[in-house]
Amino acid sequence: MVDALGVAVVGFGWMGRVHTQAYARVRHHYPQLALRPELVAVAEEVPGRAEEAAERFGFASATRDWREVAADPRVRAVSVTAPNFLHREIGVAMAEAGKHLWIEKPVGLTGDDARAVADAVAKAGVRGTVGFNYRNAPAVEAARDLIASGGIGTVTHVRIRLFSDYAAHPEGALTWRYERERGGSGVLGDLASHGADLARFLLGDIASLTADTAVFVPERARPTGATAGHALASGGEPGPVENEDYVSCLLRFASGARGVLEACRVSVGEQNNYGFEVHGTRGAVSWDFRRMNELAVSRGTTYQDQPVSTVYVGPGDGEFAAFQPGAGNAMGYDDLKVIEAYRFLRSIAEGRPYGATLADAVHGAAVLDAMAVSAETGTWVSLPAP
């Protein structure tokens, strides 16, 4: 028997739409799922946006006040896709109201914010999932399995990159993303948070790091009305960009491996150039998000001049079989959020964690906080042992 689960989405920008579509698709790909999500409510403070979402996607009700969602007995699970500065308040309130929580990273502005939400989820006894979607790619999971099995020997070093041009235009609007009070960190929270999660997901805990940051577009025009995504805003009142466009970081892992993590939101010529290269004593494995279903793998015993092969992931890797029947058939970004929705709903149904948890968000936030301290002080920063 399949039970209905009332779900709500708080914040209906692009990511709110992605979550909504994932709820709509999840049982198409996972018919065995014991829960059937029903779109009960949507909350968005921008006038008219919630009503538009309800009409388009079939939510039963729409509101501008997320507190109405917290008080709604029909809602048992909530997606929080609102701006970062609201994550702590909304996340804690939803957990205290007994709602299961699927919340986007970086779960607030600081490590304290992430810990507050994690503590509220634990105290309330509800399930919590975090939007670290790139770890859900079947190729990433296959790479992790290869590394864990010793397939490339002992890992020596990794390079993780997250380059994008979404903020490269000098006329990009000065939205909340560029303000410390509402956006917190810049590219640290937006892109490097994924890099920190991938680093730990693939190689284990980070012991220490040193980082450098920079702002390359120091001033932007304030928008004159509601914005969505990364809109342009020429002619508005100029204001300062308060958080970083770029970060580079050297990592030392508890295992002894070394790493480089680099992220930038103003990389002209780069569109979602995300990926990693992991090297070991007997081989290497690399992944490029733009070729999401492939791995480049080198393994063997020749060491010098050892060839690299392209490996297509298939039904035996991660959740690939829920989407495609055989290797070489492509999956896309939205599929990763369907996997995330499935793992969230499965965790609710079975009462145990699947996928990224609030504990993962706390670990990631500690890495981001350490990067910020290091960039300010110019020193190596040690992270607490798990």
### Task
Give, for atom CD of Glu38 and atom CZ of Arg76, the distance between the pair rounded to the nearest 0.5 Å.
10.0 Å
### Message
I'd like to know if Asp112 pairs up with Arg115 as an ion pair, taking the criterion as any Lys NZ or Arg NE/NH1/NH2 lying under 4.0 Å from an Asp or Glu carboxylate oxygen.
### Response
yes
### Task
For Thr154 and Arg282, run side chain to side chain donor-acceptor pair (under 3.5 Å): C-alpha distance rounded to whole Å, both residues' side-chain angles, the deciding distance at 0.1 Å, then the answer.
CA-CA 8 Å; Thr154 300; Arg282 293 199 308 274; over 6 Å; no
### Task
Go through the steps to decide whether Tyr274 and Phe163 satisfy the test ring-ring contact (aromatic ring centres under 6.0 Å, His included), and finish with yes or no.
CA-CA 6 Å; Tyr274 309 153; Phe163 298 147; 8.8 Å; no
### Query
Is the NZ or CZ atom of Arg127 both under 6.0 Å from the centre of the six-membered ring of Trp102 and within 45° of that ring's axis?
no
### Query
Cut-off 3.5 Å, side chains only: do Thr377 and Thr379 have a donor facing an acceptor?
yes
### Query
For residues Glu340 and Asn133, is any side-chain donor paired with an opposing acceptor at under 3.5 Å?
no
### Message
Under a 3.5 Å threshold, yes or no: a donor from one side chain and an acceptor from the other, between Ser382 and Ser208?
### Response
no
### Query
Strictly by modelled atom types, are Glu68 and Thr63 linked by a side-chain donor-acceptor pair under 3.5 Å?
yes
### Message
For a side chain to side chain donor-acceptor pair (under 3.5 Å) check, start with the C-alpha distance between Arg343 and Asn136, then their side-chain angles and the critical distance, and finish with the verdict.
### Response
CA-CA 10 Å; Arg343 289 173 170 166; Asn136 296 325; 3.0 Å; yes
### Task
Begin with the C-alpha distance, continue with both residues' side-chain angles, and end with the deciding distance and a verdict on salt bridge (charged side-chain N to carboxylate O under 4.0 Å, His left out) for Arg159 and Glu277.
CA-CA 5 Å; Arg159 183 168 73 95; Glu277 298 93 40; 2.9 Å; yes
### Query
Could you give the distance from CG (Leu174) to CD (Glu242), rounded to the nearest 0.5 Å?
7.5 Å
### Query
Taking everything shown except Arg290 itself, do over 12 heavy atoms lie less than 6.0 Å from its CZ?
yes
### Query
When you measure from the side chain of Asp197 to the backbone N and O of Ser193, does any donor-acceptor pair fall under 3.5 Å?
no
### Message
Is there a continuous path of hydrophobic side-chain contacts, each under 4.5 Å between heavy atoms, that joins Leu250 to Tyr246?
### Response
no
#### Entry: Arg17 and Gln21 side chains, donor-acceptor separation under 3.5 Å
yes
### Message
So for atom OH, which belongs to Tyr312, do other residues, nucleotides or ligands contribute more than 12 heavy atoms lying within a distance under 6.0 Å?
### Response
no
### Message
Looking at Arg291, I'd like to know if its CZ atom is crowded, meaning that more than 12 non-hydrogen atoms belonging to other residues, nucleotides or ligands lie closer than 6.0 Å.
### Response
no
### Query
When you check the side-chain N and O atoms of Ser309 and Arg299, is any donor under 3.5 Å from an acceptor?
no
### Query
Between CG of Leu383 and CG of Asp205, what distance do you get to the nearest 0.5 Å?
9.0 Å
### Message
Using a 3.5 Å distance criterion without hydrogens, assess whether the side chain of Ser374 forms a donor-acceptor pair with backbone atoms of Gly378.
### Response
no
### Message
Please say yes or no: joined through hydrophobic side-chain contacts below 4.5 Å, possibly via intermediate residues, are Leu198 and Phe132 part of one cluster?
### Response
no
### Query
With hydrophobic residues grouped by side-chain heavy-atom distances under 4.5 Å, do Leu101 and Ile90 end up in a single group?
yes
### Query
Would you call the rings of Phe57 and Phe12 parallel, tilted or perpendicular if under 30° counts as parallel and over 60° as perpendicular?
tilted
#### Entry: Phe344 and Tyr23 aromatic ring geometry - parallel, tilted or perpendicular at 30°/60° bounds
tilted
### Check against ring-ring contact (aromatic ring centres under 6.0 Å, His included), Tyr333 and Trp14
CA-CA 13 Å; Tyr333 174 88; Trp14 169 69; 5.6 Å; yes
### Message
Nearest 0.5 Å, please: how far is CD1 in Ile348 from CG in Asp3?
### Response
11.5 Å
### Message
Assess, by modelled atom type and distance only, whether the side chains of Glu179 and Asn243 contain a donor and an acceptor separated by less than 3.5 Å.
### Response
no
### Task
State, without any angle test, whether Tyr166 and Asp190 hold a side-chain donor-acceptor pair at a distance under 3.5 Å.
yes
### Task
First locate atom CG of Asp65, then atom CD of Glu44, and finally report the distance between them rounded to the nearest 0.5 Å.
12.0 Å
### Task
Return yes if a side-chain donor-acceptor contact under 3.5 Å exists between Gln306 and Ser298, otherwise no.
yes
### Task
Answer yes or no: is there an ion pair linking Glu244 with Arg180, defined by an N-O contact shorter than 4.0 Å?
yes
### Same apolar cluster (I L V M F W Y, side chains within < 4.5 Å links), Val311/Met292
yes
### Query
Can a donor-acceptor pair be found between the side chains of Arg161 and Asn273 at a distance below 3.5 Å?
yes
### Message
Test of understanding: clusters of I, L, V, M, F, W, Y form through side-chain heavy atoms closer than 4.5 Å, transitively. Do Val155 and Val367 belong to the same one?
### Response
yes
### Summary
The reported gap from CG in Asn293 to CG in Asp335 (rounded to nearest 0.5 angstrom) is 8.5 Å
### Task
Before giving the answer on ring-ring contact (aromatic ring centres under 6.0 Å, His included), spell out for His29 and Tyr342 the whole-Å C-alpha distance, their side-chain angles and the decisive distance to 0.1 Å.
CA-CA 9 Å; His29 296 278; Tyr342 163 66; over 10 Å; no
### Task
Could you give me the CA-CA distance, side-chain angles and deciding distance for Arg200 and His363, then say whether side chain to side chain donor-acceptor pair (under 3.5 Å) is met?
CA-CA 9 Å; Arg200 182 168 170 266; His363 281 289; 3.3 Å; yes
